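Please read the structure below before turning to the comments.
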Amino acid sequence: MDTGETALLHDIAHEVATLSALVAAVRVQGGLDAAAGEHMRLVEREVDLLLDLVGCCCATSGLPDEDDDVVDLRELLAEVVAGRHAASRGSVTLRPGPGMVVRTRARVLRRLVTNLVDNAVRAAGPAGRVEVELVGTDVPRVRVLDDGPG
């Protein structure tokens, strides 16, 4: 990574850290109804993920070099679905199913699932439905279904 890219990442990290502090201030101030409080919690989590990603990139000279993590797939899917449901005018839900734990790169898996769900939300349209499902026994699979025209 050249010095221009490094400087840009440091500037982005500063702005994201400022956003994180503003979100924390709103949460501490209180006065939010339950739905707004939940949306604020989701914003805070997404900002923390972004700050972590930018920080990781600033600390390395390329892509983050990560060790595998123990990942609760159902929990990861629930977090992605909750964030996308809150941000969508349509419906984004996680179907009931088994819980599964795997060893993988959590950041990469989260990015992949988020991209799949975001694509389904766009395909379904503003009033569409997206359902995410964890299936499989030995080998877990994530299915993302939408009611879009494609």
Side-chain angles (χ1 to χ4, degrees), residues 1 5-6 8-60 62-136 140-148:
M1 189 176 324
E5 290 171 332
T6 301
L8 176 62
L9 280 175
H10 282 287
D11 289 346
I12 291 170
H14 173 74
E15 296 304 320
V16 173
T18 300
L19 181 58
S20 180
L22 290 170
V23 168
V26 169
R27 283 185 52 83
V28 168
Q29 180 181 352
L32 301 173
D33 64 28
E38 177 61 14
H39 284 117
M40 187 56 68
R41 187 188 68 74
L42 294 171
V43 168
E44 189 171 35
R45 189 185 73 227
E46 294 296 325
V47 168
D48 287 345
L49 289 168
L50 181 58
L51 190 56
D52 183 51
L53 178 63
V54 171
C56 184
C57 288
C58 285
T60 64
L63 293 174
D65 183 22
E66 301 176 354
D67 291 329
D68 284 351
D69 304 299
V70 175
V71 178
D72 181 327
L73 292 175
R74 186 143 199 89
E75 183 178 310
L76 183 140
L77 292 176
E79 289 175 0
V80 170
V81 165
R84 294 318 181 254
H85 179 73
S88 172
R89 288 188 285 165
S91 170
V92 183
T93 58
L94 178 60
R95 286 183 172 176
M100 294 183 203
V101 176
V102 297
R103 290 192 67 79
T104 189
R105 292 183 177 182
R107 182 184 330 255
V108 173
L109 181 60
R110 180 181 299 278
R111 187 177 322 128
L112 181 124
V113 169
T114 299
N115 286 342
L116 289 172
V117 173
D118 285 348
N119 289 343
V121 166
R122 279 191 295 279
R129 283 190 349 257
V130 174
E131 294 179 337
V132 178
E133 182 177 32
L134 180 59
V135 296
R141 293 186 323 253
V142 175
R143 291 195 317 193
V144 180
L145 310 160
D146 66 73
D147 65 353

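This one's a predicted model, so the numbers in the text were calculated from it and none came from an experiment.
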Side chain to side chain contact (heavy atoms under 4.5 Å, CB included) with A78: which residues, sequence neighbours excluded? L94

Nearest-0.5 Å distance that lies between atom CG in D69 and atom CZ in R105: 9.5 Å

State the CZ-CG distance between R129 and D147, to the nearest 0.5 angstrom. 5.0 Å

Which heavy atom of P96 sits nearest a heavy atom of R74, and at what distance? CA-NH2, 3.3 Å

Report the distance from atom CG of L32 to atom NE2 of H39, rounding to the nearest 0.5 Å. 11.5 Å

Can you sort out the partners of E133 under side-chain hydrogen bond (donor to acceptor under 3.5 Å, both in side chains), two or more places apart, ordered by chain and number? R95, R143

Taking side chain to side chain contact (heavy atoms under 4.5 Å, CB included) as the test, write out the residues that go with A82, two or more places apart. L42

Which residues pass the side-chain hydrogen bond (donor to acceptor under 3.5 Å, both in side chains) test with R84, sequence neighbours left out? D118

When rounded to the nearest 0.5 Å, the distance separating CD of E46 from CD of E79 is 9.0 Å

Judged by atom type as modelled, is there a donor-acceptor pair below 3.5 Å linking the side chain of D146 to the main-chain atoms of A123? no

Between E44 and R41, is the salt bridge (Lys or Arg N to Asp or Glu O under 4.0 Å) condition met? List the steps. CA-CA 5 Å; E44 189 171 35; R41 187 188 68 74; over 6 Å; no

Looking at every heavy atom in both V132 and V117, which two are closest together, and how far apart are they? CG2-CG2, 3.8 Å

Which residues pass the side chain to side chain contact (heavy atoms under 4.5 Å, CB included) test with N115, not counting sequence neighbours? R111

At their closest point, which heavy atom of V144 faces which heavy atom of A120, and how far apart are they? CG1-CB, 3.5 Å

What is the minimum heavy-atom distance between G136 and P98, and which atoms define it? O-CG, 4.3 Å

Carefully, step by step, assess L109 and L73 under the rule side-chain contact (heavy atoms from CB on, under 4.5 Å). CA-CA 9 Å; L109 181 60; L73 292 175; 3.3 Å; yes

How would you list, by chain and number, every residue that makes a side chain to side chain contact (heavy atoms under 4.5 Å, CB included) with N119, sequence neighbours excluded? R122

May I ask you to decide if A35's main-chain N or O and D33's side chain share a donor-acceptor pair within less than 3.5 Å? yes

List the atom of S88, the atom of V121, and the distance in Å for their closest heavy-atom pair. OG-CG1, 3.9 Å

